[in-house]
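Here's the structure we're looking at; comments come further down.
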Amino acid sequence: MDIRYDQSGEDAIYAKWEKSGYFNPDNLERKGKPFTIIMPPPNANGSLHIGHALFVTLQDIMIRYYRMNGRKALWLPGADHAGFETQVVYNKKLEKEGRSFWEIPKDKLYEEIKEFTLANKQYMESQLRKLGASCDWSREKFTLDDDIREVVYSTFKKLYDDGLIYRAERPVNWCAKHQTTLSDLEIKYEEKVDKLYYVKYSLSNGNGFIEVATTRPETIAADIAIAVHPKSKWAEFVGAKALNPLTKKEMPVITDDAVDPDFGTGALKITPYHDSTDFEIWSRHKKEIELEPISVIDRYGKMDPSAGALSGLKVKDAREKAAEILKDSFSREPEDYNHQVSVCYKCGTVIEPRVMKQWFVKMTDKPNKGGSSLRDLAVRAVRSKKVRFVSSRFEKEFMRWMADLRDWNISRQIVWGIKIPVWYCDGQDNDVCRSKEGIIVSESKLQKCPYCGSENIRAENDVFDTWFSSGQWPFATLMSKSGDFKKFYPTDVMETGWDILFFWVARMIMFGIYRTGKVPFKTVYLHGLVRDKDRQKMSKSKGNVVNPLEVAEVYGTDAVRMSLVIGSAAGNDPVISEDKIRGYRNFTTKIWNAARFVLMDYAEPSRKPSFTARDKADLKEMEKTKKDVAKHIEKLDFNHAAEIAYHYFWHSFADKVIEESKERIKSDDLKDPSRRKFAEADAEAAKEKLIIILSECLKMLHPFMPFVTESIWQNMPNKTKKGNMLMIEPW
RNA sequence: GGGCGCUUAGCUCAGUUGGUUAGAGCGUUGCAUUCACAUUGCAAAGGUCACUGGUUCGAGUCCAGUAGCGCCCACCA
């Protein structure tokens with residue numbers, strides 16, 4: 001063995017593993033049932049960061065352990081086109097290059113992003129290899145693969161046929177910067193101080209006025225009613241007409257329970273196209289209101305011509321100008337008002353509610369043929385422990401989120417994604433077609449309307465919310481190779497970050513059960529966000545980012561893996577620092593040197609070793625430790641499993657067992673002819689004990705530190721012939 | 001406005017059905033070491049387990065409350 005462990009040999013070890021074919025469970029001779037993990041596909045829009053290294057480590061620990069422990073272990077890797085996220089990244093890239101995203105033709109943009117994504121994907125694959133990920137590359141999937149799309153289309157069709165997907169015009173979250181709608185999960189709230197204006201709406205009969213509090217005077221031109229609470233002081237005016245202070249149009253005064261009598265003045269202006277509450281109130285009172293709602297804000301966040309004097313202004317400027325124009329209609333001075341404003345989770349642009357025709361998934365309604373809602377399918381599976389969360393507190397989070405679900409807008413007006421498989425027939429030349437409002441859901445391309453035969457059809461332009469397709473990942477990935485679904489589904493563990501519990505995990509559970517009748521995975525293990533030693537989030541601007549590949553280059557991949565797994569329980573944010581990694585690099589060196597000592601002058605024993613009582617106790621302790629490590633891995637308590645292995649190797653095996661053996665191995669008795677025979681046998685037994693324990697320790701440490709253990713294994717004299725790889729040694 | 005979580009050694013954290021004297025890593029201090037490893041060993045110092053009360057033979061662990069911190073969710077204009 002070399003005097004030093006050389007981590008630059010890691011690539012060669014990985015290549016040997018990969019070449020062996022044993023990443024593919026089909027090539028493993030195992031009697032046990034499969035053990036399956038579907039890798040959360042990393043977004044192919046950048047390079048891997050420390051969070052990826054964390055999931056690789058945790059999942060690889062399980063896969064390597066079960067592979068050694070008699071199971072057909074499948075870890076199916078993938079890459080995510082990550083629709084909106086990637087488009088945002090690419091948009092930024094173009095901005096840096098001084099090009100305009102919006103001036104590039106859509107087809108060309110798609111091709112450019114595709115090229116960008118595929119290049120990233122390829123790079124990421126090499127990084128996963130560097131981290132030691134023992135996944136089955138022969139089964140790798142990309143979220144835009146044809147067979148994945150087909151599964152996604154067929155799920156959409158099934159949902160549509162079951163009445164769980166519909167198209168509707170209603171207020172949706174619009175990001176003016178990214179020019180797309182977003183789901184309720186893709187917006188966040190920011191605290192903002194705005195002015196609360198008190199505006200008088202005079203009654204047309206001259207009997208005074210109603211006072212309305214609003215933060216949005218710029219939308220007054222789009223007001224079509226005043227709503228008051230039935231028990232408020234304004235109730236006496238219900239049925240009267242109020243005058244719009246800008247347009248002077250007569251608007252009905254109506255009553256609705258949704259109005260809070262204790263907030264503001266207890267009266268609400270109804271602007272259906274710019275506020276979702278207003279839209280709902282309007283929907284309930286269409287008949288009384290009569291006026292048609294209008295929009296005064298365009299898709300770019302500017303006032304449109306129907307806003308009259310405000311036309312062309314940005315919303316913020318329009319607000320100030322409106323306040324100026326309305327000065328005489330104010331009943332009192334505007335107040336500072338502190339409230340939560342919804343913004344785009346990516347760029348922080350204020351979300352403008354706009355009314356648009358979009359596709360929605362019903363979350364809480366039953367299918368039209370009967371059965372359970374998507375929500376109920378998932379809730380029941382979790383409640384009955386068919387899906388178990390680690391740590392269990394996420395079960396509470398999950399249930400609470402499921403409790404108040406609203407329908408999910410899955411339409412996105414972006415280029416980078418899977419087109420919604422819908423055509424619209426403008427001909428509508430027969431009743432069947434008209435009854436479907438010209439909507440045609442089709443898994444394949446169409447030339448003409450299948451209902452009326454008209455060739456006057458056009459394809460839907462919108463693409464899916466990426467989570468709609470990635471929510472189908474566990475079964476979609478297994479459906480493409482024949483036999484896989486049957487063999488590997490449901491999968492065993494879904495290991496991912498808790499930040500995407502709602503975005504992804506919840507959707508996978510719903511769609512998984514909906515499509516296959518079975519849960520997609522039995523256990524969800526959620527890890528946290530990797531933080532620096534001061535518990536700070538890592539970010540480029542703070543300069544505290546640890547690039548896993550760079551530190552692996554310096555300290556070895558094994559050290560990086562160990563520092564990610566030790567010291568953090570499930571669901572908590574792991575803390576990592578270069579000092580910590582250096583500490584585990586020292587451990588790597590310790591392992592290497594201990595092995596070097598054990599293997600030094602080792603020869604096959606000439607007789608059956610006669611172990612002393614102490615030897616037997618040492619061997620027993622090793623067995624016990626190994627069982628303990630296995631137990632903790634199986635409990636998904638990787639933190640302790642790693643710590644036990646670490647502690648045993650260093651402070652029992654190296655510090656005690658090896659140290660105490662030195663006397664016997666180097667005994668002066670060996671030089672004394674009268675004692676020599678006994679001493680030789682004893683030295684041999686000591687050496688034999690050391691090599692047995694070392695050998696078992698390598699197995700025990702392999703799932704955590706695959707490279708150094710495999711590379712020592714290659715020097716072991718007693719390694720079994722077959723394959724000569726620790727990776728597939730029986731645990 | 002609702003909910004969840006955290007508070008244990010100087011620092012970062014474990015402590016999974018309540019059970020001897022509360023642990024690890026790093027850091028600190030002292031000593032040792034040409035002998036696999038200074039990327040080392042041995043040893044030491046360091047904790048009223050946030051606070052208050054309760055259940056119990058027994059509480060870091062269970063219950064209630066208080067304080068501080070963090071996070072998630074939410075269409076009161």
Side-chain angles (χ1 to χ4, degrees), chain A residues 1 3-5 171 173 184-185 187-189 194 196-199 212-217 219 227 229 258-271 274-281 337 339-342 351 353 390-397 399-401 403-404 406 498-499 501-502 528-529 531-535 555-556 559 562-563 566-577 579-580 582-601 632 635-637 639-640 642-644 646-647 650-651 654-656 658-659 662 665-666 690:
Chain A
M1 276 175 86
I3 192 134
R4 301 189 53 158
Y5 171 60
N173 308 308
D184 293 338
L185 275 178
I187 58 172
K188 54 179 187 179
Y189 293 89
D194 281 318
L196 186 62
Y197 300 93
Y198 292 88
V199 187
V212 170
T214 180
T215 54
R216 307 206 62 184
T219 64
H229 191 270
V259 184
D260 180 350
D262 299 323
F263 184 86
T265 63
L268 185 60
K269 73 190 197 64
I270 299 301
T271 323
H274 296 296
D275 186 283
S276 59
T277 307
D278 293 5
F279 186 88
E280 280 168 26
I281 294 177
Y337 176 54
H339 64 155
Q340 304 283 322
V341 177
S342 55
I351 293 295
V390 178
S391 96
S392 59
R393 77 184 144 93
F394 291 112
E395 188 181 315
K396 279 187 229 169
E397 296 255 349
M399 289 299 193
R400 191 184 42 71
W401 187 70
D404 45 28
R406 296 197 294 163
W498 55 251
D499 52 321
L501 174 60
F502 307 141
L529 187 72
R531 294 175 183 270
D532 75 2
K533 63 178 190 300
D534 301 316
R535 295 219 107 259
Y555 299 109
M562 277 301 259
S563 50
I566 290 190
S568 168
N572 288 2
D573 293 349
V575 175
I576 197 172
S577 64
D579 282 345
K580 191 172 175 186
R582 195 178 294 121
Y584 291 108
R585 188 272 318 267
N586 295 355
F587 182 50
T588 310
T589 309
K590 188 75 186 179
I591 299 172
W592 184 259
N593 280 298
R596 234 160 41 92
F597 177 79
V598 172
L599 294 176
M600 195 181 281
D601 307 322
H632 281 89
K635 272 167 53 184
L636 308 184
D637 184 0
N639 168 27
H640 285 109
E643 212 171 297
I644 291 163
Y646 169 91
H647 199 262
W650 200 323
H651 301 298
D655 290 351
K656 300 206 171 66
I658 292 185
E659 288 305 321
K662 284 181 179 172
I665 291 168
K666 303 196 171 159
L690 293 183

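Order of the sequence lines fixes the chain letters, A, B, ..., with proteins taken first and strands second; residue numbering starts at 1 for each chain.
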Response to the item:
Checking N1-N3 plus N6-O4 or O6-N4 for Watson-Crick, or N1-O2 and O6-N3 for wobble, each under 3.5 Å, the partner of B:C71 is B:G3
Fill in: Euclidean distance, A:Tyr197 OH relative to A:Arg216 CZ, rounded to 0.5 Å
12.0 Å
Discussion item. Quick check on B:C72: is either OP1 or OP2 less than 4.0 Å from any side-chain nitrogen or oxygen of A:Lys396?
Written reply: no
Worksheet item: Of the nucleotides B:C4, B:A14, B:A36, which has the atom closest to the A:Glu397 side chain?
Response: B:C4
Discussion item. Measuring only the C1' atom in each nucleotide, how far is B:A44 from B:U48? A whole number of Å is fine.
Written reply: 23 Å
Fill in: Mate of B:C42 where both pairing distances stay under 3.5 Å, Watson-Crick or G-U
B:G30
Worksheet entry | Nearest-angstrom distance, C1' atom, B:G23 to B:C35 | 33 Å
Worksheet item: According to a strict under-4.0 Å criterion, is A:His651 in side-chain N/O contact with OP1 or OP2 of B:G25?
Response: yes
Practice prompt. Give a yes/no answer on whether the side chain of A:Asn572 brings an N or O atom under 4.0 Å of OP1 or OP2 in B:A14.
Written response: yes
Discussion item. Does B:A24 have OP1 or OP2 under 4.0 Å away from a side-chain N or O of A:Tyr646?
Written reply: no
Worksheet entry | Presence of A:Asn586 side-chain N/O under 4.0 Å of B:U40 phosphate oxygens OP1/OP2 | yes
Worksheet item: Are any of A:Lys590's side-chain N or O atoms less than 4.0 Å away from OP1 or OP2 of B:G41?
Response: yes
Item to complete: Write down the distance separating the C1' atoms in B:A67 and B:A50, rounded off to the nearest Å.
Response: 8 Å
Worksheet item: With respect to the side chain of A:Phe502, which nucleotide from B:A36, B:C73, B:G41 is positioned closest?
Response: B:C73
Discussion item. Work out how far the P atom of B:A9 is from that of B:U61, and round it to whole angstrom.
Written reply: 15 Å
Item to complete: Ignoring backbone atoms, test whether A:Arg406 places a side-chain nitrogen or oxygen under 4.0 Å from the OP1 or OP2 oxygen of B:C75.
Response: yes
Worksheet item: Now, which nucleotide makes the Watson-Crick or G-U wobble pair with B:C62, with each of the two distances under 3.5 Å?
Response: B:G54
Discussion item. If I pick the P atom on B:G58 and the same atom on B:G15, what distance separates them, to the nearest angstrom?
Written reply: 26 Å
Practice prompt. Return no unless some side-chain N or O of A:Tyr198 is found under 4.0 Å from OP1 or OP2 of B:A77.
Written response: no
Worksheet entry | Nearest-Å distance once atom C1' is located in both B:U55 and B:C11 | 36 Å
